[in-house]
Amino acid sequence: MSQQPGQLTFVAPRRAKPARHLADLSMADRRAAVTELGEKAFRADQLSRHYFERLTTDVQAMTDLPAASRDKLSALLPPLLTSVREQTTDRGTTRKTLWRLFDGALVESVLMRYPDRVTMCVSSQAGCGMNCPFCATGQAGLTRNMSTAEIVEQVVAGARALAAGEVPGGPGRVNNVVFMGMGEPLANYKQVIQAVRRLVEPAPHGLGISARGVTVSTVGLVPAIGKLADEGLPVTLALSLHAPDDELRDTLVPINTRWKVAEVLDAAWAYAAKTKRRVSIEYALIKDINDQEWRADLLGKLVKNKLVHVNLIPLNPTPGSKWTASRPEDERAFVRRLELHGVPVTVRDTRGREIDGACGQLAAAE
Ligand code: SAH
């Protein structure tokens, strides 16, 4: 379903839900589910170890389980994601996967290996209802929310490929997870929070990824940012600001018509105060749209002396959009202006543009 300019979709269409999966459940719920299947509760721990530590879903390989139990327990490991296509670039160290979900919905995830770390960029919704005009995902509208396990499975798939040595650089593990794929994570709040819990809980409860390595990126759903601050999960918050003034932000990030720049920044500072985590301000530099020096100056004034980091992203091209990345000299001037205000700023080295796998390019078509 495509959207009219500026139209927002908060509530996902009601659709059949994916099958219940181990990764949807807390440890207590897993024990209960296993007991319901007629198995001893401790089998939940064994199954969790196989899934979250050994990254396997093949019950026949779980030789510490009696054969009869294996069949019953396989009900908790339904296949949720089917790989439709894999594209790589950067000599195989950037890898985008197109996944089909049980109902045919398509999503994408991207694995990026750097010399010192691996980052997985995951989707939280099939499509997106936030309708930012420069983002490919926003153009097709929202298909549905993803389940906790569908989100976690993207990371497990990446972890499995790394452990198996399929990614150049030798066997490795996932260090960071960024919710910067398709979807607005805070519009699928419950499932996203549970997925974060699965990611950060130590094995065998979860994948044991450091909460500091998890980034939740949002267009700025102010009440949800407040809730996130109270979860006791010290994840990094990234705020997609893209303009320091309401007039422009109303058009670039339509949610701004609900919650203004001042409100969303207040929510971000409150998040930083509560979690002691530096908030990341995302700002895609769009030629002659939001890259003027006066806007850099205004942005600098708004964020100076805060627990903040500004991440400038050269705009990635998307189909049907006439906008392009800023000229190099304008980008440099923008950076300099921010630095004059003492604001920590970096320009993101965006990966995966060649395979439409960079920020804002995920559109998931076959
Ligand atoms: N809905 C969330 C999660 C998506 S994250 C959010 O908006 O934060 C994707 C990031 O890439 C966001 O910061 C988004 O604004 C940015 N982005 C979207 N389209 C882009 C494009 N064409 N070029 C560069 N960055 C883009």
Side-chain angles (χ1 to χ4, degrees), residues 3 8-10 12 96 107-110 112 119-142 145-146 151 154 176-189 192 195-196 214-222 224-225 228 235-243 248-249 251-256 258-259 264 267-268 271 279-287 289-291 309-326 331 346-354 356-364:
Q3 314 193 91
L8 292 162
T9 310
F10 290 97
K96 179 174 89 161
V107 299
E108 293 182 312
S109 59
V110 186
M112 289 159 282
T119 299
M120 281 289 309
C121 177
V122 298
S123 295
S124 56
Q125 298 181 309
C128 185
M130 297 296 110
N131 208 4
C132 303
F134 55 90
C135 176
T137 308
Q139 302 321 298
L142 177 61
N145 283 327
M146 293 176 73
I151 297 167
Q154 298 169 73
N176 301 318
V177 176
V178 298
F179 284 82
M180 295 191 180
M182 298 173 70
E184 166 50 43
L186 296 186
N188 184 17
Y189 189 86
V192 165
V196 172
V214 176
T215 298
V216 173
S217 183
T218 178
V219 289
L221 303 186
V222 166
I225 294 173
L228 183 64
V235 297
T236 300
L237 179 74
L239 171 64
S240 296
L241 194 69
H242 305 309
L248 180 59
R249 195 168 190 265
T251 67
L252 292 182
V253 187
I255 197 71
N256 199 69
R258 290 274 178 111
W259 294 289
V264 77
Y271 186 86
V279 171
S280 176
I281 301 286
E282 311 293 298
Y283 198 107
L285 283 173
I286 314 175
K287 185 174 138 191
I289 300 289
N290 66 352
D291 62 355
H309 177 101
V310 173
N311 214 332
L312 300 173
I313 318 168
L315 187 82
N316 293 305
T318 58
S321 166
K322 51 191 184 308
W323 292 330
T324 59
S326 300
E331 180 185 298
T346 47
V347 179
R348 187 183 289 172
D349 143 46
T350 78
R351 282 237 195 157
R353 218 175 288 156
E354 308 83 348
D356 284 344
C359 308
Q361 293 187 312
L362 303 184

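Atoms within a ligand are numbered from 1 in the order they appear, just like the ligands themselves. Because the structure is a prediction, the values reported are computed rather than measured.
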Take the angle between the ring planes of F134 and W323 and call it parallel below 30°, perpendicular above 60°, tilted in between. tilted
For atom 12 (C) of ligand 1, find the nearest protein heavy atom and state the residue, atom name and distance (0.1 Å precision). S240 OG, 3.2 Å
At less than 4.0 angstrom from any non-hydrogen atom of V219, what atoms of ligand 1 do you find? 6 (C), 7 (O), 8 (O)
The atoms of ligand 1 lying under 4.0 Å from a heavy atom of G183, numbered in the order shown, are 1 (N), 2 (C), 3 (C), 4 (C)
Within a distance under 4.0 Å of any heavy atom of E282, pick out the atoms of ligand 1 and give their elements. 13 (O)
Is it the side chain, the backbone, both or neither of T318 that has a heavy atom closer than 4.0 Å to ligand 1? side chain
Just let me know how T218 lines up against ligand 1, side chain, backbone, both or neither, with a heavy-atom cut-off below 4.0 Å. backbone
Looking only at atom types and distance, does a side-chain atom of S123 sit under 3.5 Å from a main-chain N or O of Q125, one as donor and one as acceptor? no
Is E184 touching ligand 1 with its side chain, its backbone, both, or neither, if touching means heavy atoms under 4.0 Å apart? both
Which protein heavy atom lies closest to atom 9 (C) of ligand 1, and at what distance to 0.1 Å? M180 O, 3.7 Å
Relative to ligand 1, is L315 under 4.0 angstrom through side chain, backbone, both or neither, heavy atoms considered? both
Among N311, V178, V110, I313, which one satisfies side-chain contact (heavy atoms from CB on, under 4.5 Å) with C359? I313
Within the side chain of E282, is there an N or O that forms a donor-acceptor pair under 3.5 Å with the backbone of V310? no
Please check: side-chain N/O of E108 versus main-chain N/O of K96, any donor-acceptor pairing under 3.5 Å? no
Students should be able to answer this: which protein heavy-atom is nearest to atom 4 (C) of ligand 1, and at what distance? G181 O, 3.7 Å
Relative to ligand 1, is H242 under 4.0 angstrom through side chain, backbone, both or neither, heavy atoms considered? side chain
Between N188 (side chain) and S124 (backbone), is there a donor-acceptor pair under 3.5 Å? yes
Taking the minimum heavy-atom distance to atom 2 (C) of ligand 1, which of P314, G138, S217, C128 ranks first? S217
Going by the atom numbers of ligand 1, which of them fall below 4.0 Å from some non-hydrogen atom of F179? 3 (C)
Report, in ascending order of atom number, the atoms of ligand 1 lying under 4.0 Å from any heavy atom of C135. 18 (C), 19 (N)
